[in-house]
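Report on the following structure.
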Amino acid sequence: MPSLNHSGPCGARRGATPKRLGRSLTLALAAGLVGGCAGLLPTSKQAVSNQWQGFDDAKHSFDQIIPYRSSMDDVRELGFDPARTPNVQILNHSQVVRAVLPSPLQELGTIPKGIVDCMKAQEACIGYFMEPSHIDRKRVGNFMLDFLNFKRDTLTTGWKFGALIVVIHDKVVYKQWSGRPKIEETEVRNNPLGPLQGLGESMKGGL
C-alpha cells in the first residue's frame, strides 16, 4: 500500500497529523530562513489589454498603419482601438505639436507633412497615444527575510509599446512609436529592524 506521507511544498507533508503538520511547518520555516522558499513569495501582473504576445508583435501591427492611406477602421482592426485600450490619452492639435516637435519650432520645410496638416486642421486634428504593455512583478530571494520584512527583492520584467496616431477626419496623417522591448529591473529594499521598521512612524501618527 503506498504511503500517504508525500512531501508537499517547502517540506510540508500531505496527510500528516496536526502535530506532525506543526513540526513540518516549523521545519519549513527554518528551511526557508536558510535556503529560501521562493515559491511562497508574492507575484503580480499588470497588463494593458492588448492582443499581442510581445513588443515585436505590437511593432509589427503598428508598421502596417500607413499615413494618408489607413483609416481609423484599419487602425482598430490592427489592435490600436482608442475605445477599448485602457488609459488612452487623447491629444488636441496643440498637444500633438508639442509632443512631436522640439521647442523652439523647426523651419516649416523640416516639419513632417502630417504635423503641418494637423496645425492647419486645428480642432479637426486628434492624436491618440496608446501604451499596450505587459508587466510582471515577482518577489525573489530569501522567503523568511522577505516574510519578516528584513529584505525584499522585487524583479520587474515585461515590455511596453507606445503608439502615437494622429488623425484628421478619420484618416491617419502621422504616426510615431516608442517603447521598451525588454524591461528587467531589480529593486532591493533593506529594513534592518525587520517587522519593527515602520513601528515608530505608526506610533507617532497615532499620538
[X] side, atom [atom1]; [Y] side, atom [atom2] - distance, nearest 0.5 Å:
X: Ser61; Y: Glu77; atom1: OG; atom2: CD; value: 11.5 Å
X: Ile126; Y: Ile165; atom1: CD1; atom2: CD1; value: 13.0 Å
X: Gln122; Y: His93; atom1: CD; atom2: NE2; value: 3.5 Å
X: Tyr128; Y: Ile90; atom1: OH; atom2: CD1; value: 5.5 Å
X: Ile111; Y: Leu101; atom1: CD1; atom2: CG; value: 5.0 Å
X: Gln95; Y: Gln89; atom1: CD; atom2: CD; value: 8.5 Å

For the student: nearest non-hydrogen atoms of [X] and [Y], plus distance:
X: Thr156; Y: Arg137; value: OG1-CG, 3.7 Å
X: Arg69; Y: Asp74; value: O-OD2, 4.1 Å
X: Leu78; Y: Trp52; value: O-CZ2, 3.2 Å
X: Ala99; Y: Gln176; value: O-NE2, 4.3 Å
X: Pro112; Y: Tyr174; value: CB-CE1, 3.8 Å
X: Ala163; Y: Phe80; value: CB-CE2, 3.7 Å

Legend entry - Test side-chain hydrogen bond (donor to acceptor under 3.5 Å, both in side chains) applied to Asn92 and Ser94, step by step: CA-CA 6 Å; Asn92 61 37; Ser94 60; 2.8 Å; yes
Inset, instruction - Measure from NZ or CZ of Lys182 to the centre of the six-membered ring of Phe55 and say whether it is under 6.0 Å with the direction within 45° of the ring axis. - result: no
Inset, instruction - If a pair satisfies salt bridge (Lys or Arg N to Asp or Glu O under 4.0 Å) and one of its residues is in residues 108-129, list it, with sequence neighbours excluded. - result: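 Sorted result for residues 108-129: Lys113-Asp117.
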Inset, instruction - Determine, stepwise, if the pair Asp56 / Lys59 fulfils salt bridge (charged side-chain N to carboxylate O under 4.0 Å, His left out). - result: CA-CA 5 Å; Asp56 291 339; Lys59 178 66 165 56; over 6 Å; no
Inset, instruction - Give the C-alpha distance, both sets of side-chain angles, the deciding distance and a yes or no for side-chain contact (heavy atoms from CB on, under 4.5 Å) between Lys160 and Ile183. - result: CA-CA 8 Å; Lys160 280 186 178 182; Ile183 298 173; 4.1 Å; yes
Inset, instruction - Under the side-chain contact (heavy atoms from CB on, under 4.5 Å) rule, what do Cys125 and Val167 come out as? Steps first, then yes or no, please. - result: CA-CA 6 Å; Cys125 177; Val167 178; over 6 Å; no
Inset, instruction - Check whether the side chains of Trp159 and Ser133 place a donor and an acceptor atom closer than 3.5 Å, and report yes or no. - result: no
Inset, instruction - Apply side-chain contact (heavy atoms from CB on, under 4.5 Å) to the pair Ile115 and Val96, showing each step before the final yes or no. - result: CA-CA 8 Å; Ile115 301 304; Val96 168; 4.0 Å; yes
Inset, instruction - List the steps and the verdict of side-chain contact (heavy atoms from CB on, under 4.5 Å) for Leu164 and Val166. - result: CA-CA 7 Å; Leu164 173 62; Val166 182; 4.3 Å; yes
Inset, instruction - Flag the pair Met72 / Pro82 as yes when at least one side-chain heavy-atom distance between them is below 4.5 Å, and no otherwise. - result: yes
